Peer 1: 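For reference, the structure I am asking about is given below.
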Amino acid sequence: MSRRTERLNELIREELSDLLLREARDPRLSRFISITRVDVTPDLNNARVDVSVMDEAEAQKETLKALNSAAAFFHRELKSRLDLRRIPFLTFRLDTSIEEGAQILALIDQVAKEDHPTPE
């Protein structure tokens, strides 16, 4: 991945985070949403946006559906905010790596407690 693409990924991630925080009006987007990664294709036509939603599985699906239905809004807003010739079309997908990491840490803590019980 070129340095230019990396900078563009980061720029889009920052702008989308700001849009979610300040401009999104959909009540399904009021949950804790974190944009973890943006991957723009080399031709700059499309971008995959990985989001982490701290909520139940059903609420995560609803949030993802709301984000994908608002993709045109985000595209339009990015067009007005960024001075780029081409703004990629956005596709949102769920990133569960934060939750998986928390589960692994909980398992490690559990094993550590079992190996070294605290004296009573």
Side-chain angles (χ1 to χ4, degrees):
M1 182 182 316
S2 72
R3 179 75 180 128
R4 179 175 183 255
T5 306
E6 288 176 17
R7 286 193 334 249
L8 182 59
N9 289 341
E10 184 62 24
L11 179 64
I12 291 173
R13 190 188 67 76
E14 290 172 3
E15 290 297 329
L16 284 174
S17 294
D18 187 55
L19 282 169
L20 275 172
L21 184 64
R22 291 179 169 60
E23 303 292 330
R25 301 285 182 245
D26 191 324
R28 297 176 293 179
L29 299 179
S30 64
R31 298 175 180 89
F32 183 68
I33 302 170
S34 178
I35 297 178
T36 57
R37 185 175 176 174
V38 174
D39 285 323
V40 177
T41 58
D43 63 359
L44 306 179
N45 278 334
N46 298 298
R48 263 193 339 253
V49 182
D50 293 343
V51 295
S52 175
V53 181
M54 301 307 260
D55 212 335
E56 302 168 356
E58 190 60 37
Q60 288 176 343
K61 288 178 187 175
E62 283 298 313
T63 301
L64 197 58
K65 189 185 293 185
L67 285 169
N68 279 309
S69 68
F73 164 76
F74 291 123
H75 180 83
R76 216 175 21 257
E77 288 296 315
L78 286 175
K79 222 176 201 181
S80 67
R81 289 175 171 229
L82 302 177
D83 188 27
L84 297 172
R85 191 173 301 160
R86 182 182 302 164
I87 302 295
F89 293 98
L90 308 171
T91 304
F92 293 89
R93 65 183 190 174
L94 194 59
D95 180 9
T96 58
S97 62
I98 293 174
E99 294 163 356
E100 291 168 1
Q103 289 174 343
I104 290 171
L105 287 175
L107 289 173
I108 291 171
D109 287 343
Q110 180 182 357
V111 168
K113 287 178 185 175
E114 290 172 0
D115 286 347
H116 303 291
T118 56
E120 293 181 25

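Atom set for the values below is all heavy atoms of this structure, side chains included, hydrogens, waters and symmetry mates excluded. In this text the structure is predicted, and so the values were computed from the model without any measurement.
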Peer 1: Only counting residues at least two apart or in another chain, list the ones meeting salt bridge (Lys or Arg N to Asp or Glu O under 4.0 Å) with Arg22.
Peer 2: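 By the salt bridge (Lys or Arg N to Asp or Glu O under 4.0 Å) rule, Arg22 matches Asp18.
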Peer 1: Is there a salt bridge (charged side-chain N to carboxylate O under 4.0 Å, His left out) between Glu10 and Arg7? Walk through the geometry before answering.
Peer 2: CA-CA 5 Å; Glu10 184 62 24; Arg7 286 193 334 249; over 6 Å; no
Peer 1: What are the two closest non-hydrogen atoms of Val53 and Ile33, and how far apart are they?
Peer 2: CG2-CG1, 4.4 Å
Peer 1: For the atom pair CG (Leu16) and CG (Leu21), what is the distance rounded to the nearest 0.5 Å?
Peer 2: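 So the CG of Leu16 and the CG of Leu21 are separated by 12.5 Å.
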Peer 1: Which residues satisfy the salt bridge (Lys or Arg N to Asp or Glu O under 4.0 Å) test with Arg37, sequence neighbours excluded?
Peer 2: Asp39
Peer 1: Using side chain to side chain donor-acceptor pair (under 3.5 Å) as the criterion, list what pairs up with Glu14, not counting sequence neighbours.
Peer 2: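 For Glu14 there are no side chain to side chain donor-acceptor pair (under 3.5 Å) partners, ignoring immediate neighbours.
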Peer 1: Going by salt bridge (charged side-chain N to carboxylate O under 4.0 Å, His left out), name the pairs with one or both residues in residues 65-77, residues two or more places apart or in two chains.
Peer 2: Glu62-Lys65
Peer 1: How would you list all residue pairs meeting ring pair (Phe, Tyr, Trp, His ring centres under 6.0 Å) that involve residues 1-23, not counting sequence neighbours?
Peer 2: none
Peer 1: For the pair Thr96 and Gln103, evaluate side-chain contact (heavy atoms from CB on, under 4.5 Å) and give the outcome as yes or no after the intermediate values.
Peer 2: CA-CA 11 Å; Thr96 58; Gln103 289 174 343; over 6 Å; no
Peer 1: If every non-hydrogen atom of Gln60 is compared with every non-hydrogen atom of Asp55, which pair is closest and at what distance?
Peer 2: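 What the structure gives for the nearest pair is NE2-O, 3.3 Å.
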Peer 1: To the nearest 0.5 Å, how far apart are CG in Leu11 and CG in Leu78?
Peer 2: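 Leu11 atom CG to Leu78 atom CG measures 8.5 Å (nearest 0.5 Å).
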Peer 1: Tell me, please, which residues at least two apart from Phe89 pass ring-ring contact (aromatic ring centres under 6.0 Å, His included).
Peer 2: His75
Peer 1: Could you tell me which non-hydrogen atom of Thr41 sits nearest to which non-hydrogen atom of Asp43, and how far apart they are?
Peer 2: OG1-OD1, 2.6 Å
Peer 1: Quick one: salt bridge (Lys or Arg N to Asp or Glu O under 4.0 Å) partners of Glu6, sequence neighbours excluded?
Peer 2: Arg3
Peer 1: Which heavy atom of Val51 sits nearest to which heavy atom of Thr36, and what is that distance?
Peer 2: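 Shortest heavy-atom contact: N-OG1, 4.2 Å.
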Peer 1: Any side-chain heavy-atom pair from Phe92 and Thr63 closer than 4.5 angstrom?
Peer 2: no
Peer 1: For Leu84, what residues pass the side chain to side chain contact (heavy atoms under 4.5 Å, CB included) criterion, not counting sequence neighbours?
Peer 2: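 For Leu84, the residues satisfying side chain to side chain contact (heavy atoms under 4.5 Å, CB included) (neighbours in sequence not counted) are Leu8, Leu82, Ile87.
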Peer 1: Test of understanding: with side chain to side chain contact (heavy atoms under 4.5 Å, CB included), list the residues that count as partners of Ala24, not counting sequence neighbours.
Peer 2: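 For Ala24 the side chain to side chain contact (heavy atoms under 4.5 Å, CB included) partners, ignoring immediate neighbours, are Leu20, Leu29.
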Peer 1: Applying salt bridge (Lys or Arg N to Asp or Glu O under 4.0 Å), can you list everything that pairs with Asp95, at least two apart in sequence or on another chain?
Peer 2: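 For Asp95 there are no salt bridge (Lys or Arg N to Asp or Glu O under 4.0 Å) partners, ignoring immediate neighbours.
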Peer 1: Please give the remaining members of the hydrophobic cluster of Ile104, linking ILVMFWY side chains under 4.5 Å, ordered by chain and number.
Peer 2: Ile108
Peer 1: Identify the two heavy atoms, one from Asn46 and one from Pro88, that lie closest to each other, and give their separation to 0.1 Å.
Peer 2: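 In this case the closest contact between Asn46 and Pro88 is C-CB, 3.6 Å.
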Peer 1: Distance from Ser69 atom OG to Leu64 atom CG, nearest 0.5 Å?
Peer 2: 10.0 Å
Peer 1: Output the distance between atom CZ (Phe74) and atom CD (Glu15), rounded to the nearest 0.5 Å.
Peer 2: 12.0 Å
Peer 1: I'd like to check the side chain to side chain donor-acceptor pair (under 3.5 Å) partners of Asp83; sequence neighbours left out, ordered by chain and number.
Peer 2: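 For Asp83, no residue satisfies side chain to side chain donor-acceptor pair (under 3.5 Å) once neighbours in sequence are set aside.
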